2 protein chains.
Amino acid sequence: MVTIKDVAKLAGVSTATASYGLKNDSRVREGTKIKVVEAAKVLNYIPNGAARYLKTQKSNIVGVFLDGFSRPTYHKLLDGINYELDKHGYNIIVSSGKSAEQLMFNRQIDAAVIHDKNVKNETIKRVASDSFPILLLDRELKQKFVHEFTIENTNITYQLAKHLLEQGYRNIHFISGVTSYDNTHRYNGFVQAMEEFGVYNPENYYQGDFSIRSGYNIANNIIKNKKPMPEVFFCANDEMAVGAMDAIKENDLKIPKDIAVVGFDNVELAKYYSPSLTTIHVDRFMWGNDVANLIIALINKETDLSRFSKPSGRIIYRESCK
Amino acid sequence: MVTIKDVAKLAGVSTATASYGLKNDSRVREGTKIKVVEAAKVLNYIPNGAARYLKTQKSNIVGVFLDGFSRPTYHKLLDGINYELDKHGYNIIVSSGKSAEQLMFNRQIDAAVIHDKNVKNETIKRVASDSFPILLLDRELKQKFVHEFTIENTNITYQLAKHLLEQGYRNIHFISGVTSYDNTHRYNGFVQAMEEFGVYNPENYYQGDFSIRSGYNIANNIIKNKKPMPEVFFCANDEMAVGAMDAIKENDLKIPKDIAVVGFDNVELAKYYSPSLTTIHVDRFMWGNDVANLIIALINKETDLSRFSKPSGRIIYRESCK
DNA sequence: CTGAAAGCGCTAACAC
DNA sequence: GTGTTAGCGCTTTCAG
């Protein structure tokens with residue numbers, strides 16, 4: 001491995017001068033600088049990040065930790081985070097599973113953004129510190145050096161449920177995802193509207209896991225066994241809504257005539273599915289931009305974070321409901 | 001920051017003993033071990049990965065570098081890589097853009113997997129070394145310490161084109177993605193079949209960029225201006241195929257009666273689009289598994305890599321063509 | 001303007 | 001079994 005020593009030797013200077021020269025420090029004379037840069041080039045010198053980090057305690061890397069790589073809502077978010085981090089000279093690494101825990105412990109990153117229910121609160125409390133802020137996108141946790149930046153779910157699902165109720169729907173069943181901040185708050189908004197109209201029934205709550213398959217199974221089961229049939233499946237995300245619509249069509253029922261369906265997320269499929277799905281859009285690229293700026297602010301120990309506000313969604317009306 | 005020195009001091013042992021104790025080395029007595037582990041716990045000691053890496057020159061991290069985070073074909077691939085790396089005690093980090101280059105240079109990872117046309121061959125040649133193998137998924141490059149593991153595109157597009165020709169289609173237009181290994185080889189297979197049937201026309205090649213929008217624009221343009229109209233749009237990926245189908249429907253034409261469409265990748269949308277899309281499926285989770293095992297083999301400097309073979313696709317026949 | 005040298009936190013000879 | 005210590009590659013203080 002080529003080290004700065006080799007560069008220094010070839011350039012005929014000390015390692016200190018080589019180090020300064022490579023950073024274009026004003027102290028070194030122009031001629032020396034050129035010699036150093038030249039030597040580095042000849043030797044194909046690549047600085048060792050670990051060594052640098054060990055010394056400076058700063059890696060300029062932000063870690064983003066997710067629950068797998070397949071959830072369609074992650075992609076825009078990641079692009080948004082990456083775009084903005086890049087603009088500010090930060091690098092991004094994304095990870096999942098055991099790797100994520102390892103990396104948080106390893107201290108090779110300056111901060112962490114977490115959207116992964118598998119990361120335990122305990123772990124977060126353990127690693128968060130003055131020099132390692134953590135931003136949570138998937139839960140709330142009051143703790144020093146830990147911040148939250150979740151979506152505003154409740155109000156928007158309240159609005160959507162209210163809209164359905166105003167259209168005359170009454171027998172609305174909620175298909176839930178895995179227990180999580182987002183899921184709970186989406187349900188809360190739904191419940192609020194249902195209660196307002198006096199038609200809330202806690203039994204009409206079904207536990208899924210955010211997957212197409214779970215939406216399909218739950219809906220299929222309800223359709224086959226439940227009398228009277230629900231008028232609407234209110235799904236905690238689009239994928240389950242797609243599964244539910246698959247089940248409805250398979251049972252030779254019509255959407256929205258026999259059963260209406262709404263989702264949450266506005267994934268690509270929502271637009272292309274036939275019928276197209278009424279759902280809630282959240283601008284995740286923008287959210288990602290804000291996430292990046294917020295984590296940078298935290299790294300810089302800024303205290304006025306009032307300029308950051310929870311992203312809210314908007315309803316996209318399509319064919320799957322009145 | 002709590003270091004191993006602090007742990008050693010609290011446990012009343014040397015740093016060496018502390019280090020060994022934490023690794024459960026057989027040399028240290030059980031009682032000492034317990035004292036050390038206890039001290040580490042009390043102090044909330046977290047080992048510093050940078051320091052360890054600097055010493056051992058091994059991070060157990062594999063970097064995967066992609067062209068953005070949004071391409072739908074990446075997700076299963078990543079899950080596949082992650083799953084298998086995890087089984088073997090390796091961690092994964094995923095990155096894109098400038099971050100990716102930085103990380104490759106930083107040497108905080110043991111190996112790199114690249115599927116990003118923006119990473120230049122020159123960069124790859126520069127950083128690949130005996131102790132830093134690189135695996136390319138998006139191109140071929142003959143170079144020491146650099147290996148390739150691309151999809152077998154040509155034969156399967158040849159098969160699909162042949163199928164279309166056997167169904168009687170003749171006027172088939174190719175909608176291409178950005179210039180890339182995959183794109184070129186998909187086109188090659190297409191050309192081969194067309195030539196076999198004596199109907200190859202190099203003019204019927206349109207340059208897109210793999211996006212829905214580009215597929216839409218190209219198809220719309222052809223439909224509006226080209227006489228006679230093509231019988232088939234042969235698209236280099238599913239997203240462009242979706243765009244093309246959008247355009248066909250918008251022009252009040254029927255798929256496949258007026259114009260047939262085929263794609264490549266078998267993304268989720270292909271199944272759900274109406275009409276569903278005939279395309280080529282590649283098992284990317286499996287590919288990811290193989291990628292992980294191959295990169296591990298490379299890290300371990302194995303020489304017999306014959307057990308790894310390029311993944312090939314299979315045609316999924318659906319409604320968008322005869 | 002340049003060089004010598006300390007030291008970031010950890011591991012692994014080596015000595016006892 | 002346990003401790004001492006050199007040193008991974010880099011940055012940066014302090015001298016000169």
Side-chain angles (χ1 to χ4, degrees), chain A residues 1-37 39-40 43-61 102-103 105-110 127 129 131-132, chain B residues 1-37 39-40 43-61 102-103 105-110 127 129 131-132:
Chain A
M1 171 179 260
V2 179
T3 74
I4 200 161
K5 268 190 194 163
D6 302 314
V7 175
K9 195 189 286 178
L10 182 61
V13 297
S14 74
T15 59
T17 305
S19 176
Y20 288 135
L22 289 170
K23 299 197 176 42
N24 209 4
D25 189 294
S26 60
R27 274 174 286 194
V28 272
R29 202 188 303 148
E30 204 52 42
T32 321
K33 221 175 265 178
I34 293 173
K35 270 196 299 186
V36 171
V37 170
L43 295 171
N44 189 24
Y45 168 69
I46 299 174
N48 184 312
R52 177 179 289 162
Y53 180 52
L54 185 57
K55 182 69 187 176
T56 61
Q57 302 292 352
K58 191 130 180 34
S59 65
N60 264 23
I61 300 174
Q102 276 296 322
L103 290 164
F105 286 135
N106 265 348
R107 310 244 156 197
Q108 299 188 54
I109 54 181
D110 293 343
V127 297
S129 78
S131 57
F132 190 67
Chain B
M1 172 178 259
V2 180
T3 73
I4 198 160
K5 268 190 193 163
D6 302 314
V7 175
K9 195 189 285 177
L10 182 61
V13 297
S14 74
T15 60
T17 304
S19 175
Y20 289 134
L22 289 170
K23 292 194 184 45
N24 208 5
D25 190 296
S26 61
R27 274 174 287 193
V28 278
R29 202 186 305 147
E30 204 51 42
T32 321
K33 221 176 263 178
I34 293 173
K35 272 196 299 188
V36 171
V37 171
L43 296 171
N44 190 21
Y45 167 70
I46 298 173
N48 184 310
R52 177 180 288 163
Y53 179 51
L54 185 57
K55 181 69 185 180
T56 61
Q57 302 292 350
K58 190 127 180 38
S59 65
N60 264 24
I61 300 174
Q102 276 297 322
L103 290 165
F105 286 136
N106 265 348
R107 311 243 155 198
Q108 298 189 52
I109 54 180
D110 293 344
V127 297
S129 78
S131 57
F132 190 68

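What you are looking at is a predicted structure, and each value in this text was computed from that prediction instead of being measured. Protein chains get the first letters and strands the later ones, always in sequence-line order, with residue 1 at the start of each.
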Minimal heavy-atom distance between B:V28 and B:G21, with the atoms involved, is CG2-CA, 3.8 Å

Taken to the nearest whole Å, CD/A:Q108 to P/C:dC8 is 18 Å

Atom CZ of A:F105 and atom P of C:dC10 are separated, to the nearest Å, by 14 Å

In terms of heavy-atom contacts, B:D6 and B:M1 come closest through OD2-O, 3.7 Å

Nucleotide by nucleotide, nucleotides 8-16 of chain D touches protein heavy atoms under 4.0 Å in the pattern (B base, S sugar-phosphate only, - none) BBSBBB---

Separation of C:dC8 atom C1' from B:Y53 atom OH, nearest Å, is 17 Å

Worksheet item: Are B:I46 and A:V127 close enough that some pair of their side-chain heavy atoms sits under 4.5 Å apart?
Response: yes

Here the pair of heavy atoms bringing A:R27 nearest to A:D25 is N-OD1, 2.8 Å

Under 3.5 Å: donor-acceptor pair, side chain of A:T15, backbone of A:K5
no

Q) Does the side chain of B:Q102 reach to within under 4.5 Å of the side chain of A:N60, using non-hydrogen atoms? A) no

Separation of C:dC1 atom P from A:I34 atom CD1, nearest Å, is 14 Å

Axis-to-axis angle for the helix from C:dC1-D:dG16 to C:dC16-D:dG1, ends of five pairs each, to 10°, equals 40°

For B:Y53 and B:Q108 the tightest heavy-atom approach is CE2-CA, 3.5 Å

Might you work through the side-chain contact (heavy atoms from CB on, under 4.5 Å) test for A:K33 and A:N24, ending with a clear yes or no? CA-CA 7 Å; A:K33 221 175 265 178; A:N24 209 4; 3.1 Å; yes

